[in-house]
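See below for the structure under consideration.
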Number of protein chains: 2
Amino acid sequence: MKQKPTESVILDAAMRVFTRKGFAATRTEEIAKEAGMNRALLHYYYRDKQTIFNLIFERRFSEFFKGLFIIFETDSPLFEKIEKMVDHEISTISQHPDLPRFILMEVAQHPERLIEYGQKLGLNPRIFLEQFEGQVQAEVRAGRIRPIEGRQLVINIMSLCMYPFVAKPIIKTMMQLDESKYFEMQERRKKEVYEFIIHAIKVSV
Amino acid sequence: MKQKPTESVILDAAMRVFTRKGFAATRTEEIAKEAGMNRALLHYYYRDKQTIFNLIFERRFSEFFKGLFIIFETDSPLFEKIEKMVDHEISTISQHPDLPRFILMEVAQHPERLIEYGQKLGLNPRIFLEQFEGQVQAEVRAGRIRPIEGRQLVINIMSLCMYPFVAKPIIKTMMQLDESKYFEMQERRKKEVYEFIIHAIKVSV
DNA sequence: CGCAATATTAACAATTTTGTTAAACAACCG
DNA sequence: CGGTTGTTTAACAAAATTGTTAATATTGCG
């Protein structure tokens, strides 16, 4: 029976609650309850709510962006890269389905954090983006894909992967899916989205 | 110099603040300031914060879903319908760019409202969805589009239209777009997304 | 004008949420 | 075992947020 150190019990609980509710709607009381302890203990280990939140935000921010950028970085051929991106995004986010909504919510409210934490992680979107745009334009010139702006393609890929998670409650309700049906739908999407994109850009033979 | 009735000055201010911040992060003080009045006056016209929020939510919920369902309802041919949907969504949401994020945030926190307000508006997603799936399957059988589940197509269309708004702050920062560049990008998307979808589903000739 | 009725505000009160303190408890070590 | 350290809690205090009230200002109308 290895008991986790209280610090990480707190952080794990805080992660769940903050991710579900966002900073503003989160009550420290709820974090404490989720961690099975008294509210005062949070303050014993961490100065205040904001301090805990910042730690969580950094963690989740990294989870959200790190994997994505790793794939941008690899120099596979375009189609392979897209396949990896789609598969990676849908797979990893499936295990943290409310991560995108959390990031979007908090970044929308404090856009300056995007720059701050982006630098902290050493992310440089400009470089990745330029590299990707170059790759796309090369394919276009080679006549393998129809003309498309690299950035529009990136936006399309991200949209197709992320939105179904962000809109999970709406999709579940409108399509009357329970948790497992929703999961199956996402599983099918790995193939569906990849093929959708390839057909969308490939020049017909 | 026609002065608007105080009720609607309040609601308009509340709409802006709630939409920007969501319920939990909104301070009644901020609504009052935005409306150019004393906080007490909000309570003179409306019982409390929650009452104001409910009015706003109903309004915005309707804005978000009503237009969408109208297009589902029309019986244009598939490609035309898709074109209308894409154009309509991107155009109308462009005028209310943070509407989708607001709806998603609040529905994620209170999914039961989706059903409640959906019924209030007389929306019946099941019927529209079945009708659309039928239309898609007919096209598939006719060999005009490649095999695809109707629901996956709906999700794809919505994703491509909505996500760029939901992720606006991230996209703006990562792609270094100012407000007008971002707007231009969305303008170009009307055509881009439509063509992307058509190529993705059309059987090559 | 003058007085209702309505609109608005400032000051106050209640509630909710956060943060602190001092005392109880537990673990470790001589 | 006794004392010392670090952990946890209950009770309290402070701050922030919301809601109320009573007094003031404004409007319209006889």
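Numbered from 1 within each chain, the chains take letters A, B, ... in sequence-line order.
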Worked check of ring pair (Phe, Tyr, Trp, His ring centres under 6.0 Å) between B:Phe18 and B:Phe53: CA-CA 7 Å; B:Phe18 276 132; B:Phe53 179 82; 5.0 Å; yes
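- Heavy-atom distances under 4.0 Å link DNA chain C to A:Thr26, A:Arg27, A:Thr28 of residues 18-34 of chain A, given in residue order.
- For the segment residues 43-57 of chain B, residues with any heavy atom less than 4.0 angstrom from an atom of DNA chain C are, sorted by number, B:Tyr44, B:Tyr45.
- Atom pair B:Leu41:CG and C:dA11:C1' shows a separation of 16 Å (rounding to whole Å applied).
- Classification of A:Lys84 and A:Glu80 as a salt-bridged pair holds, one side-chain N sitting under 4.0 Å from a carboxylate O.
- Within the 4.0 Å cut-off from OP1 or OP2 of D:dT8, at least one side-chain nitrogen or oxygen of A:Thr6 is found.
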Donor-acceptor pairs are to be reported for all side-chain atoms of residues 116-133 of chain B against protein atoms at under 3.5 Å, with residues two or more places apart or in another chain.
| from | atom 1 | to | atom 2 | distance (Å) |
| --- | --- | --- | --- | --- |
| B:Asn124 | OD1 | B:Arg126 | N | 3.3 |
| B:Gln131 | OE1 | B:Lys81 | NZ | 3.4 |
| B:Glu133 | OE2 | B:Arg151 | N | 3.1 |

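- Smallest separation of non-hydrogen atoms from A:Val140 and A:Ile148: CG2-N, 4.1 Å.
- Rounded to whole Å, atom P of C:dT16 lies 14 Å from atom CZ of A:Arg39.
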In residues 158-174 of chain A, what donor-acceptor pairs under 3.5 Å come from side-chain atoms, sequence neighbours left out?
| from | atom 1 | to | atom 2 | distance (Å) |
| --- | --- | --- | --- | --- |
| A:Ser159 | OG | A:Ile155 | O | 2.7 |
| A:Lys168 | NZ | A:Glu179 | OE2 | 2.7 |
| A:Lys172 | NZ | A:Glu179 | OE1 | 2.7 |
| A:Thr173 | OG1 | A:Pro169 | O | 2.9 |

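- Between A:Asn54 and A:Gln50, the side chains place a donor N or O and an acceptor N or O closer than 3.5 Å (distance only, hydrogens not considered).
- One can place CG of A:Asn38 at 14 Å from P of C:dG19, the figure rounded to the nearest angstrom.
- Atom CD1 in A:Ile10 sits about 8 Å away from atom P in D:dT8, given to the nearest Å.
- For the ring pair (Phe, Tyr, Trp, His ring centres under 6.0 Å) test, residues two or more places apart in sequence or in another chain that qualify with A:Phe65 are A:Phe61.
- Minimum heavy-atom separation, B:Arg60 to B:Phe102: CB-CE2, 3.9 Å.
- With rounding to whole Å, B:Met37 atom CE is found 10 Å from C:dA7 atom C1'.
- Counted within 6.0 Å of CG on B:Asp75, heavy atoms from surrounding residues, nucleotides or ligands total 12 or fewer; the atom is thus considered open.
- Among all heavy-atom pairs drawn from B:Thr26 and B:Gly22, the shortest one is OG1-O, 2.6 Å.
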Tabulated below should be each protein N or O lying under 3.5 Å from an N or O of nucleotides 21-24 of chain D; please produce it.
none

